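The structure appears below as structure tokens.
All of these numbers come straight from a predicted model, not from anything done at the bench. Note on naming: letters A, B, ... go to the chains in the order of the sequence lines (proteins, then strands), and numbering restarts at 1 for each one.
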Amino acid sequence: MIKGKGLLAAGITTALAAAMVGCSNDSGGNSSAGGDGASKTNCTNEIKVKDVPVVTYWAWFEDTAQTVDNFNNSHDDVQICWSNAGQGADAYTKLSTSLQSKSGAPDIVQIEYDWLNSFLLQDGLVDMTEYGIEEYKDNYTEGAWRDVSSGDGVYAVPVDLGPVGLWYRQDLFEKYSIPIPTTWDEYAAAAEQLAAASGGETLIGNFAPNGQGQHYAFLDQAGAVPFDFDNGNPTEISINHNDDASKKVFDYWIDLVDRDLVGTDQAWTPEFSTALGSGRYATAIYPVWYNIHIPALEGADTDAVWRAAPIPQWDAANPKQVNWGGSTLGVTVQADDAELATKVAAELYEPQENKELGVEVGGLFLADPEMIESAYFQDRPYDFYGGQQLNKEVFGPAALEYKGVTFSPFTQFYYDESQRLLSEAIDGSMSADEAADELQASLEAYATEQGFTLK
Amino acid sequence: MERKNARFGWVFLAPFAVVFLVFLVLPLCYAFWMSLHTNTLAGGEQFAGLENYTKAFSDQRFLSGMARVAGFALVFVPLQIGLALVFALILDDVRTRLSRFSRLLIFAPYAIPGVIGALMWGFLYSPSFGPLVSFFDFLHLQAPDLLNRDSIFWSLTNIVTWQWTGYYMIIIYASLQSIDPSIYEAARIDGASKLQTALQVKVPIVTSSLVLTMVFALIGTLQFFTEPQVLAPLAGNAIDAAYTPNLYAYNLAFSYQQFNYASAISFALGLMVFLASIIFLIATRKKSGLN
């Protein structure tokens, strides 16, 4: 609560917002002259070559310190000045504020796929096709390229992907003699069997009310197209969040919730990680990047045997692979030299050395088909998973088959609303169908209010 | 001489005045200017006059947030001030080494930063680990979920009361300490019991401190922000982005990039806080001795 000691500092949220915006407005002003001198002297890394153009870079990849050093060592015509502006939402808040105040944004910024359109709508990112990005197109998978494109423009270069699979407790499935589900029908059946065999001790998994990235992948897999938006025509949008495909997904999961066959922990909480670690949940539908989280789960069973399998399908004859997460490098409108920044963004992960740093230090699943198909990557054993070759068996094919989606142009609002309404469906205040209808109505109202025309 | 003094007065005031102007008045003016404009995601920036304000006062999310903090105020204010008064009266009467220690103990939560306090309680409330679970496990009972929609109100009430009661207690206690002991002697000679002395002598004398602390508590509650913000990731089902008006303004600005509307919401909230404080002060003016 705000009072007494914090009255001046925190009394009026807007005063704070306005102070940041106001101050920088006075100093900046010219949107093309961003990347002011101050930020360039605040690099986390060392600039190796002086008196050459410096490109500022915000990122939170684990390997960034090393990949940037490599880049700077091997270039005497351009240097990268890297800083970590926080992860995910923290970095986006800073980026939004810099865009609003027209100063302080870096030249290149790490952005997850699902947030790109939000920054397009703030006129925050340059269209890289004007700076020759097309010649790098073959370096990226089809789905990743689609995810960074909007209309005829390309607004970021993909770095990594999050192909989704089914992480499962092999020991639990063997203990109860239940086959690993390959379709959603089998998944529901396995959920019943597990709950019955374990007396309700073990559930098949969790449906997080705030699992927005996961839900979007689920919707995509079922053939729903929740948003259609093209930056070439940015005032028009189509929203379909209560069509048959979307409702099928919501109905399926809320039904499992209602029958007490899945948990409803919030994602990214100790609750969830304790439940998953202790054998309360036998599976987790997560992307490849979850492999580093599973060994670190809280209160983990010592005899847990984890493996990965492809994500269950609606139609086994026509499988569809989906993606959740992964990041891109966008060039902001405040870049001093957008052409140079584009080139740097596209080439940072081009040398083999940096790709391997990304894989080994960053735990990245690069959106690079050549890398995905390479023996180096395919044959990589994952020790914690009994030496399973995750990339060859599960995630490589999933990444190559992923076709891409269109994300919301107002991601945070969409995520907040979806969480609010799914929570109501989960606790039974409304049905899954009603939640979908309400979400549709709410998104339409918001879009209209924001000046969109609904297609 | 007097003129020279006046000049020195301004010199002493200047550092504060500069900070006050630069970091409070100017941003407020700028925020107000922003609140009179609109800047939609798909449109551009335009002058809108009071449009954002009419929108705010017909915005269901803002209004339900206001209603929610009003509900909080009805519980928080009497609970915190009541407890603070009781503690202050007891500590004022009992003068042992233990009472000094108790005073410190009751005040201690206030010394803990709000964010840390909320994080700590979030951990204690956790339905699947933490001391609460061990306790209920020991009794072979299911631990209650203190972070769901039904219980979050009381969970938040508990945190805020824990945090602020000690602070209010100190204010009331200081006020009790300043009472002339001869008044108590007079009361004793008149045959008043300790309880009578407390209720009929002490409480009326510290009424102005009570009113002051109530205004603090009221303003604080209407600005409710830190605790719901910190608990939101744990209690996402119960706390949404517009749970309190302050949280709503914050999310509008920093999550939805609606800086203009966020400014309007903030000013609308400021107006409501101002009105509520004025109404409260008028309602209590006879008792408080503040007029």
Side-chain angles (χ1 to χ4, degrees), chain A residues 1-8 10-19 21-23 25 89 92-93 96-97 99-100 118 121-122 208-210 234-237 264-266 268-271 274-275 280 298-299 409-410 412-413 416-417 419-420 423-424 426-427 429 447 449-453, chain B residues 20 22-24 26-31 33-35 40-43 55 76 110 114 123 126-129 148-149 159-160 163-164 167 216-217 219-221 223-227 233-238 240-242 246 249-251 253-259 262-263 265-267 269-270:
Chain A
M1 183 176 303
I2 298 160
K3 56 192 152 178
K5 58 187 168 179
L7 197 61
L8 185 73
I12 301 153
T13 317
T14 310
L16 187 74
V21 173
C23 293
N25 245 9
Y92 304 145
T93 300
S96 286
T97 313
L99 291 173
Q100 172 80 11
S118 298
L121 221 54
Q122 295 179 58
N210 64 338
T235 57
E236 280 195 3
I237 189 171
T264 56
D265 292 326
Q266 297 284 332
W268 309 115
T269 57
E271 268 72 33
T274 310
R280 169 95 178 126
E298 281 155 71
F410 33 80
Q412 187 66 53
F413 179 80
D416 284 348
E417 280 299 273
Q419 178 179 351
R420 181 173 72 86
S423 298
E424 300 215 9
I426 284 170
D427 72 15
S429 318
E449 191 184 290
Q450 291 303 318
F452 285 103
T453 320
Chain B
F20 182 74
V22 172
F23 293 105
L24 194 71
L26 274 181
L28 273 177
C29 295
Y30 183 68
W33 180 85
M34 280 179 79
S35 77
T40 54
L41 292 174
K55 186 169 139 195
F76 283 5
Y110 176 72
F123 167 73
S126 166
S128 55
F129 60 91
N148 69 20
R149 217 184 302 232
I159 301 179
V160 172
Q163 175 126 40
W164 290 92
Y167 174 70
F216 282 176
I219 292 174
T221 308
Q223 305 254 28
F224 204 22
F225 177 79
T226 309
E227 284 79 3
L234 298 172
N237 294 357
D240 65 23
N246 224 353
Y250 174 85
N251 281 318
F254 297 112
S255 300
Y256 308 157
Q257 289 82 46
Q258 296 185 30
F259 292 90
S263 305
I265 287 282
S266 298
F267 274 95
L269 172 64

List the atom of Arg420(A), the atom of Asp240(B), and the distance in Å for their closest heavy-atom pair. CD-OD2, 3.6 Å

To the nearest 0.5 Å, what is the distance between CG (Asn148(B)) and OG1 (Thr264(A))? 10.0 Å

So which heavy atom on Leu234(B) is nearest to which on Gln266(A), and how close? O-CG, 3.9 Å

Excluding sequence neighbours, so at least two apart, what forms side chain to side chain contact (heavy atoms under 4.5 Å, CB included) with Ala447(A)? Ile237(A), Ile239(A), Phe410(A), Phe452(A), Leu454(A)

Which bit of Asp265(A) comes within less than 4.5 Å of chain B, counting heavy atoms only: side chain, backbone, both or neither? neither

Side chains of Gln412(A) and Gln257(B): does their closest heavy-atom pair fall under 4.5 Å? no

Please name the pair of heavy atoms, one in Asp416(A) and one in Tyr256(B), separated by the smallest distance, quoted to 0.1 Å. OD2-OH, 2.5 Å

Sequence neighbours excluded, which residues qualify as side chain to side chain donor-acceptor pair (under 3.5 Å) partners of Ser423(A)? Asn237(B)

Relative to chain B, which segment of Glu236(A) carries a heavy atom at a distance below 4.5 Å: side chain, backbone, both, or neither? neither

